[in-house]
Protein chains: 2
Amino acid sequence: MHISKFAAPEILFGRGSLHQTGECCRRIGANKVFIVSDEGVMAAGWVEKIIKVCQASGLAYELFYDITSNPKDYEIEKGVQRYQFSECDAVLGIGGGSAMDAAKAIAILATNGGIIHEYEGADKIKRPLPPLLMIPTTAGSGSEVSQFSVIVDSSRKIKMTIVSKSLVPDIAITDPQTLVTKDAELTAETGMDVLTHAIEAFVSVAATPLTDVQAKNAISLVSKHLRASTASRTNEEAKAAMAMASLQAGLAFSNAILGAVHAMAHAVGGYLDLPHGKLNAILLPYVMEYNFLAAPERFGQIAALMGQNITDMTAAEAAKRAVYHVKQLASDIGIPQRLSDIGFTEDLILPMSQAASEDVCLVTNPRDIGIHELEMIFRKAL
Amino acid sequence: MHISKFAAPEILFGRGSLHQTGECCRRIGANKVFIVSDEGVMAAGWVEKIIKVCQASGLAYELFYDITSNPKDYEIEKGVQRYQFSECDAVLGIGGGSAMDAAKAIAILATNGGIIHEYEGADKIKRPLPPLLMIPTTAGSGSEVSQFSVIVDSSRKIKMTIVSKSLVPDIAITDPQTLVTKDAELTAETGMDVLTHAIEAFVSVAATPLTDVQAKNAISLVSKHLRASTASRTNEEAKAAMAMASLQAGLAFSNAILGAVHAMAHAVGGYLDLPHGKLNAILLPYVMEYNFLAAPERFGQIAALMGQNITDMTAAEAAKRAVYHVKQLASDIGIPQRLSDIGFTEDLILPMSQAASEDVCLVTNPRDIGIHELEMIFRKAL
């Protein structure tokens with residue numbers, strides 16, 4: 001039998017939970033917190049709110065928000081200098097995947113030194129990180145619970161995937177209220193990112209019952225609530241459901257890892273600096289079409305979780321319905337259907353397939369896959 | 001919206017995982033581990049095996065196994081003296097709920113001082129515990145992942161329930177191989193304990209989607225595999241399924257807390273020193289009959305999870321089928337059906353109802369319940 005591992009942060013979930021940020025920081029030993037965020041989250045007012053909550057708990061802070069979407073190596077270096085100079089003793093990430101992944105990368109360098117490139121791949125972190133607390137404001141990347149951080153190597157224009165149990169934050173605070181400031185496009189893209197996490201984790205070769213239960217509920221929640229969440233900023237039921245889906249998909253993929261969709265999206269996202277969620281959303285059905293052969297029964301279950309009655313279908317038929325439902329959902333919420341719609345050109349197929357073939361996420365893809373197959377999928381998705 | 005919290009240890013699961021005990025102890029900072037176990041587990045050979053694995057990692061150890069079923073306050077005091085005297089720096093519990101709960105209680109006193117009675121109730125632990133690692137050998141108590149420890153106050157003959165996030169161990173290692181040394185009676189009783197954890201967590205007023213997914217899968221696994229696991233010591237598929245069920249039920253009840261079954265079983269178990277699993281197994285259907293009114297739809301889902309087709313039933317009908325299926329399962333695996341079968345007498349109804357009414361587990365019971373109702377349920381179960 002395979003030995004499986006499962007790790008999760010302590011989780012606070014619910015409307016108003018962000019008001020507990022200060023006492024949570026205190027509890028994990030913080031005196032001065034290094035707050036990592038980005039301009040979008042700043043503009044939405046969440047950072048200001050968190051700062052007030054921290055101050056009320058008597059915490060000092062240093063704010064760093066020079067982070068762009070798909071955070072870059074040089075931003076991390078700048079961040080860690082500020083961390084050291086300001087004599088902080090804990091890191092607090094607020095935002096989407098970019099802010100939280102950057103917060104993790106800064107935390108790595110804070111105690112382990114060197115440059116972030118040295119930590120690419122699995123289990124390269126040797127020393128414990130400073131106390132880490134995350135507040136996601138998109139539903140979302142799942143970075144608040146995951147053992148992943150993805151940082152762009154700006155000279156190679158490649159996304160470096162860093163995987164380590166040390167990257168699982170100490171505490172994740174998910175307050176669905178933070179989702180009301182997202183526009184429809186970001187809601188749709190990050191929501192499809194959640195679905196991609198859940199589906200890739202569910203069909204991963206490293207899936208276990210502990211990850212399956214989370215992945216299945218996330219798939220079901222996304223398929224029930226992402227349309228409504230995209231349609232309205234103020235639909236609280238839909239926001240809470242998507243926040244929970246993001247959390248559960250995060251717990252699933254952090255421990256079951258991912259697959260070819262992420263390997264391909266990392267390659268293209270690093271090179272063209274495109275939104276990660278949008279890339280996943282476009283690639284997901286094409287990769288599902290390729291992968292279903294490896295586990296028709298699992299893919300069939302995905303169709304059932306998305307509301308399809310599969311009782312009179314073969315596993316293969318049900319699996320194909322799963323692809324259909326994913327495409328329908330993406331189309332309903334306005335996701336482009338082809339890579340060419342977002343600036344991807346044919347000449348990129350070969351180099352992007354090469355880059356994707358080296359991504360650590362490919363290891364857990366359910367169907368054997370190499371450069372040739374990646375090329376074929378890119379071509380179909382073009 | 002209610003703010004919900006979720007905490008879990010790092011988990012290793014799978015056959016052969018106990019061979020990683022040494023490196024896990026090292027990783028959480030141990031140099032000399034205080035191993036807490038009991039005579040039954042010693043006789044089964046698991047302690048000897050673990051000691052060898054620890055020695056291979058260069059760890060020193062001190063072994064303490066003066067623990068009885070339903071561990072007593074004076075055993076904890078003896079244990080902590082040995083811990084201090086032996087200058088250990090980590091605690092490793094191996095066994096069922098008794099050994100693991102005792103290990104936790106010793107860890108509390110090791111860094112917090114005083115006597116164990118001072119920590120009864122919720123959130124009384126102020127200082128961090130020494131690194132804690134648990135290896136369950138029954139499926140089981142769920143103590144390896146839970147924030148609970150239950151210790152008998154020997155003068156009052158009452159079980160003290162201690163609840164604190166600090167009691168969530170650092171690492172839980174679940175190796176289904178350890179289950180092959182359990183006899184049929186212990187397998188049946190501990191298996192029904194798992195079902196009780198899952199059902200009480202699922203209908204708890206503190207249930208969340210994060211606990212529901214675990215509880216549901218645990219109910220389904222127990223109903224599919226407990227009969228086969230009771231029938232054969234060597235059925236590996238059934239043992240692995242029950243080990244996973246125990247883990248998932250543990251994650252569920254640790255975070256959603258329990259209900260009246262546990263409140264009543266704690267009262268009687270403390271007074272008559274009877275096996276906890278057997279008491280839960282007898283009481284579960286009677287409490288379900290009382291509770292279903294509070295959440296017929298949830299109880300109906302339990303019937304579905306146990307294999308009942310509920311499509312043409314009302315929620316109330318389905319809920320009653322759930323009670324029926326629990327009774328059937330208990331009867332098939334040889335659990336007594338009445339409290340009077342195991343030495344409980346009518347004169348105990350009043351004092352036991354009184355004791356149960358003060359148990360912290362009652363707070364999350366789905367239906368309002370007081371001494372009068374507890375008396376009524378005890379009388380039905382007599």
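Throughout, protein chains are lettered first and strands after them, A, B, ... in sequence-line order, and every chain is numbered starting at 1.
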- Query: Does any heavy atom of chain B fall under 4.5 Å from the side chain of A/Leu251, the backbone, both, or neither of them?
  - Reply: side chain
- chain B contact via A/Pro9 - side chain, backbone, both or neither, heavy atoms under 4.5 Å: backbone
Interatomic spacing from [atom1] in [X] to [atom2] in [Y] - rounded to 0.5 Å:
X	Y	atom1	atom2	value
A/Cys24	B/Lys5	SG	NZ	6.5 Å
B/Ser4	A/Ile11	OG	CD1	9.0 Å
A/Leu247	B/Phe6	CG	CZ	9.0 Å

- Trace of the side-chain contact (heavy atoms from CB on, under 4.5 Å) decision for A/Ile3 with B/Gln20: CA-CA 10 Å; A/Ile3 297 174; B/Gln20 299 192 18; 3.5 Å; yes
- Query: Is it true that a side-chain atom of A/Gln248 and a backbone atom of B/Pro209 form a donor plus acceptor pair closer than 3.5 Å?
  - Reply: yes
- Heavy-atom count around B/Lys124 NZ within 6.0 Å, excluding the residue itself: above 12? yes
- Task: Select one option (side chain, backbone, both, neither) describing which atoms of B/Lys165 are under 4.5 Å from chain A's heavy atoms.
- Result: side chain
- Query: Which of these, B/Asp212, B/Asn217, B/Leu210, sits in a side-chain contact (heavy atoms from CB on, under 4.5 Å) with A/Val213?
  - Reply: B/Asn217
